[in-house]
Number of protein chains: 2
Amino acid sequence: MKLLEKECTESDPLVCADRILETTPLVMRVIRSEIRSRRPADLSVPQFRVLAFLKRHPGAGVSAIAEHIGITMPTASKLIDGLVNRELIAREASPEDRRRVSLKVTKAGESAWKASRRDLQPKIAGMLANLSPEDIAAISRAMEVLRSVFGQEQDTNGHC
Amino acid sequence: MKLLEKECTESDPLVCADRILETTPLVMRVIRSEIRSRRPADLSVPQFRVLAFLKRHPGAGVSAIAEHIGITMPTASKLIDGLVNRELIAREASPEDRRRVSLKVTKAGESAWKASRRDLQPKIAGMLANLSPEDIAAISRAMEVLRSVFGQEQDTNGHC
DNA sequence: TATTGTTATACTCTATAACTATA
DNA sequence: TATAGTTATAGAGTATAACAATA
């Protein structure tokens, strides 16, 4: 249980929920504004996530994206429209089931995703630079736990 | 440094940034959909945050909100319009400087905020219920650290 | 009939640019 | 001239409801 320094009620789920509620929008806003500032690489957060998902699941359809990203099908469909129009992903009818579409990331999409990531990741990392290694490791672990709880997608794409 | 179980590169800021980038949108989406499902209490995340800020800083103006919430003035102005129309906040001209507006939360706004919070917090807490106390405490601490890094507003409203 | 997508419509959040009113 | 805020305009993300096409 470590020390008493901060032992008040930190293991109380309600306190934890409160902090998640306060902190998450702050982090999100930084991510969004950072993404937005990177014109013309210019991928929104949802677009970035669609590309990431599609890189992991080439050939996936609209419903798979909607489900795993956590949006409705019309929303996913429109999001995909935008990416197809910009030729960042390719959409074609599935041969065996012609209701389905098969989506995959194009070369350009791959580049755009990498560019976004190349800018974003060090920016966020830079904001963490002054933290202690212990704090950083704690955040890393907390994110893993949260992902398992909040993520529809149990990916276990083990970084380790 | 604890054990070796997960010791790979967790204290690497880049790895940590990666996880933040992956996890934060997932958490955010749950929060949003949860907020949205609570009709007719029906506060969006930005609205919720404006009310929270205004509770802490009654009499604040549009620019203060914009700055602390992290949005532009027109965005804040419109957001405020919506809340004023619904009579969740009150807007009046500042007596000493008539360019400024003075905003405060109304009774109805207070109720709406509390209702949103009353629903949201236990919902999020419920999702954490199966985690170990250690995990929960770790998330709590991680959120505190992240808030200090990503928050424009250094509130130190010590819950402890 | 059930599934996969898309279209239609509407609302919120967001920004930039241009404007008004006050200091 | 500079500051506080609003209006105009535009675009993305989101949803629900209604629809088409295929199975």
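Excluded from the calculations below are hydrogen atoms, water molecules and symmetry mates; all remaining heavy atoms, backbone and side chain alike, are included. Chain identifiers are assigned alphabetically (A, B, ...) following the order of the sequence lines, protein sequences preceding nucleic acid strands; residue numbering begins at 1 within each chain.
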Without decimals, in angstroms, what is the distance between [X] [atom1] and [N] [atom2]?
X: A:R91; N: C:dT4; atom1: CZ; atom2: P; result: 17 Å
X: A:E92; N: C:dT4; atom1: CD; atom2: P; result: 18 Å
X: B:K78; N: D:dA4; atom1: NZ; atom2: P; result: 22 Å
X: A:D81; N: C:dA8; atom1: CG; atom2: P; result: 12 Å
X: B:M73; N: C:dT14; atom1: CE; atom2: C1'; result: 15 Å
X: A:L83; N: C:dG5; atom1: CG; atom2: C1'; result: 16 Å
X: A:F48; N: D:dA12; atom1: CZ; atom2: P; result: 19 Å
X: A:R32; N: D:dA12; atom1: CZ; atom2: P; result: 15 Å

Between [Y] and [X], does any NZ, NE, NH1 or NH2 come within less than 4.0 Å of an OD or OE carboxylate oxygen?
X: A:E92; Y: A:K104; value: no
X: B:E144; Y: B:R147; value: yes
X: A:R141; Y: B:D135; value: no

Distance below 4.0 Å between [X] side-chain N/O and [N] OP1 or OP2:
X: A:R100; N: C:dT3; result: no
X: A:T75; N: D:dA15; result: yes
X: A:S63; N: C:dG5; result: yes
X: A:R29; N: C:dT14; result: yes

With the side chain of [X] defined as its heavy atoms from C-beta on, choose the nearest nucleotide among [options].
X: A:S77; options: D:dG13, C:dT6, C:dA15; answer: C:dT6
X: B:V62; options: D:dT14, D:dT7, D:dG5; answer: D:dG5
X: B:L79; options: C:dT14, C:dA15, D:dT7; answer: C:dT14

Sidechain-backbone polar pair: [X] side chain, [Y] backbone, donor-acceptor under 3.5 Å:
X: B:T24; Y: B:I20; answer: yes
X: B:Q121; Y: A:A17; answer: no
X: A:R98; Y: A:S94; answer: no
X: A:S140; Y: B:E10; answer: yes

All N/O contacts under 3.5 Å from nucleotides 19-23 of chain C to the protein, with atom names and distances to one decimal?
unit_1 : atom_1 : unit_2 : atom_2 : d
C:dT22 : OP1    : B:R98  : NH2    : 3.4
C:dT22 : O2     : B:R99  : NH1    : 3.4
C:dA23 : OP1    : B:R98  : N      : 3.1

Are A:R29 and B:I71 close enough that some pair of their side-chain heavy atoms sits under 4.5 Å apart?
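Yes. Closest side-chain heavy atoms under 4.5 Å.
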Validation row: A:I139, A:L131 side chains within 4.5 angstrom (heavy atoms)
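The answer is yes; the side chains approach within 4.5 Å.
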Could you tell me whether B:G82 contacts a base, only the sugar-phosphate backbone, or nothing, with contacts defined as non-hydrogen atoms closer than 4.0 Å?
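The answer is nothing, as B:G82 stays clear of every strand by at least 4.0 Å.
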For A:V45, which contact category applies under a 4.0 Å heavy-atom criterion: base, sugar-phosphate, or nothing?
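No contact at all - A:V45 keeps every heavy atom at 4.0 Å or more from the nucleic acid.
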Taking atom CG as the centre, does A:N130 end up with more than 12 heavy-atom neighbours from other residues, nucleotides or ligands that are less than 6.0 angstrom away?
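Not more than 12 within 6.0 Å, no.
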Using heavy-atom distances to pick each residue's nearest nucleotide on DNA chain C, tell me which of A:V101 and B:I71 is more 5'.
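Here A:V101 is the residue nearer the 5' end.
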What base-paired stems does DNA chain D take part in, with at least 3 consecutive Watson-Crick or G-U wobble pairs and both distances under 3.5 Å?
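Result, WC/G-U stems under 3.5 Å: C:1-23 with D:1-23.
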